[in-house]
Protein chains: 2
Amino acid sequence: MVAMNESTKTLGDTAFQRLKAMILDGTLEPGTLLREKKFADLLGVSRTPVREAIGLLISEGLARRVDGSTPVVSRVSLSEIMEILHARSLLECETARKAAQSMQAVETLLPFRARILGFLEGPRPESRVHSDLDAQLHLEIARLAGSKLLCELIEGLKTRTRMFDQGSIPERLLPGCYEHLAIIDAITAQQPETAAAAMKLHLTNVREAIIARINHPF
Amino acid sequence: MVAMNESTKTLGDTAFQRLKAMILDGTLEPGTLLREKKFADLLGVSRTPVREAIGLLISEGLARRVDGSTPVVSRVSLSEIMEILHARSLLECETARKAAQSMQAVETLLPFRARILGFLEGPRPESRVHSDLDAQLHLEIARLAGSKLLCELIEGLKTRTRMFDQGSIPERLLPGCYEHLAIIDAITAQQPETAAAAMKLHLTNVREAIIARINHPF
DNA sequence: GGCGTACACTGTGTATACAGAAAGTGGTGA
DNA sequence: TCACCACTTTCTGTATACACAGTGTACGCC
């Protein structure tokens with residue numbers, strides 16, 4: 001086929017992005033079988049690009065091969081979430097620390113501060129909007145820290161729990177905002193250890209909230 | 001084709017493993033173009049499994065797509081090595097700390113201790129042998145720490161610099177042995193902070209050695 | 001009626017065919 | 001000699017064909 005559509009991307013890439021989006025927004029629930037032909041028909045392409053897309057999903061941890069064939073959308077277990085938050089804590093305390101020594105911290109983070117304040121003053125934002133800001137903020141802090149590798153690692157870890165974030169703990173919205181503000185303020189005040197502590201507290205609180213939610217689902 | 005050879009693995013997997021081995025042992029130098037047909041002929045399979053193998057190599061960071069097509073074996077820059085060692089330090093100080101609280105530490109690590117002592121007493125081992133032990137030891141410590149995720153992350157980071165390890169700094173052999181012993185002893189003595197410090201020192205020394213080697217190549 | 005076998009269906013793994021793009025290659029003209 | 005253009009080669013991306021494995025179903029046999 002001709003391919004090379006408007007976005008100068010391959011069908012495999014677009015298939016990957018579309019499937020990833022479907023997983024992250026919950027359209028494809030954990031456990032869903034990723035049958036190549038089914039999604040080939042759905043996306044209007046052949047199995048080949050779908051195959052490539054599924055391979056990428058697996059390498060990002062969003063899908064898994066259980067017994068050897070027919071991959072499924074990953075069901076992230078509680079212990080896996082704990083491990084991810086643990087690893088993120090190890091990495092992100094450092095990025096917060098390093099970001100606090102960056103010269104561009106203020107100009108980079110002020111827009112985030114404004115958006116969060118908007119959340120606090122205005123109407124409750126859609127969970128998706130807040131989730132996006134959350135992801136962008138953590139990534140931007142890693143970028144300020146100056147390590148491309150840490151950016152990649154943190155982004156990869158964060159996406160794995162992204163479908164779990166999605167508004168599943170609404171009572172975390174306000175605390176999350178305040179914690180993010182504390183992190184931003186410590187970084188822009190160039191206080192590395194305060195920033196690291198704020199990040200650690202934030203991720204610990206997320207962890208506690210998830211545990212509490214598991215124990216008392218309603 | 002019939003496939004399903006003796007090892008019950010797909011051709012794609014075996015192609016991946018063979019290409020990976022060729023990259024890690026230096027047969028395929030950084031910058032080598034990974035042309036699908038070339039390696040399909042070389043491995044005696046069609047382009048399809050080679051394509052899958054290359055995708056896996058890219059997802060592991062061992063290969064890259066530079067401008068959009070024709071992937072190449074990754075050339076790991078000095079700054080990337082520094083970033084990898086930095087990230088490993090963040091993760092592995094923690095695994096050392098946690099491993100020191102594990103009940104199976106002694107029985108797991110004593111064989112490593114014996115092998116390292118063998119290196120010190122007997123003839124100088126091949127660099128590949130030492131490199132393998134190095135990788136296994138760091139992985140085993142992560143396993144003792146009890147986090148599957150940390151195992152995966154550390155293993156992934158370590159393989160990215162593996163082709164760089166390969167005997168490129170022979171004068172690190174002895175110090176490396178002693179540092180490994182110090183880590184093992186601290187862990188088996190159940191001293192978490194000592195273990196973390198030993199790990200940090202080890203990775204810092206590796207870093208210093210690489211920098212020194214860059215500045216004084218001979 | 002229960003059980004076993006044959007067959008059809010579905011799904012993946014692999015090979016191959018084909019189109020379009022990029023990169024040589026050679027030849028011609030200034 | 002150098003520049004430019006056509007042709008060929010080679011590469012990737014994509015679609016498709018086919019083989020094998022697993023699964024379920026229906027039919028026949030006991």
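Side chains included, hydrogens not; waters and symmetry mates left out as well; all remaining heavy atoms used. The sequence lines fix the lettering, A, B, ..., with proteins before strands; numbering per chain opens at 1.
The shortest distance between side-chain heavy atoms of A/Leu157 and A/Leu91 falls below 4.5 Å. Counting heavy atoms from C-beta outward, A/Glu60 and A/Ile23 have side chains that stay 4.5 Å or more apart. B/Ser89 is not listed as a side-chain neighbour of B/Arg207, based on a closest heavy-atom distance of 4.5 Å or more.
The distance from atom CZ of A/Phe16 to atom P of D/dT14 is 15 Å, rounded to the nearest whole Å.
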Would you mind writing out the side-chain donor-acceptor pairs for residues 133-141 of chain B within the sub-3.5 Å range, not counting sequence neighbours?
residue: B/Asp134; atom: OD1; partner: B/His138; partner atom: NE2; Å: 3.1
residue: B/Asp134; atom: OD1; partner: B/His180; partner atom: NE2; Å: 2.9
residue: B/Asp134; atom: OD2; partner: B/Lys158; partner atom: NZ; Å: 3.0
residue: B/Gln136; atom: OE1; partner: B/Arg115; partner atom: NH1; Å: 3.3
residue: B/His138; atom: ND1; partner: B/Arg88; partner atom: NH2; Å: 3.4
residue: B/His138; atom: ND1; partner: B/Glu92; partner atom: OE1; Å: 2.7
residue: B/His138; atom: NE2; partner: B/His180; partner atom: NE2; Å: 3.4
residue: B/His138; atom: NE2; partner: B/His202; partner atom: NE2; Å: 3.3
residue: B/Glu140; atom: OE1; partner: B/Arg143; partner atom: NH1; Å: 3.0

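Each of A/Glu80, A/Glu83, A/His86 was compared with B/Ser147 under the side chain to side chain donor-acceptor pair (under 3.5 Å) criterion, and only A/Glu83 meets it.
One side chain, B/Arg162 or B/Ser131, offers a donor N or O that lies under 3.5 Å from an acceptor on the other.
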Using side-chain contact (heavy atoms from CB on, under 4.5 Å), reason through A/Leu57 and A/Lys20 one step at a time and then give a plain yes or no. CA-CA 7 Å; A/Leu57 291 174; A/Lys20 181 173 175 177; 4.0 Å; yes
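Near DNA chain C, meaning a heavy atom under 4.0 Å away, the residues from residues 27-45 of chain A are A/Leu34, A/Arg35, A/Glu36. Less than 4.0 Å separates DNA chain D from at least one heavy atom of each of the following residues of residues 46-53 of chain B: B/Arg47, B/Arg51.
The minimum heavy-atom distance linking B/Ile54 with B/Leu34 is given by the pair CD1-O, 3.6 Å.
Close to D/dG13, at under 4.0 Å from its OP1 or OP2, lies a side-chain N or O of B/Arg65.
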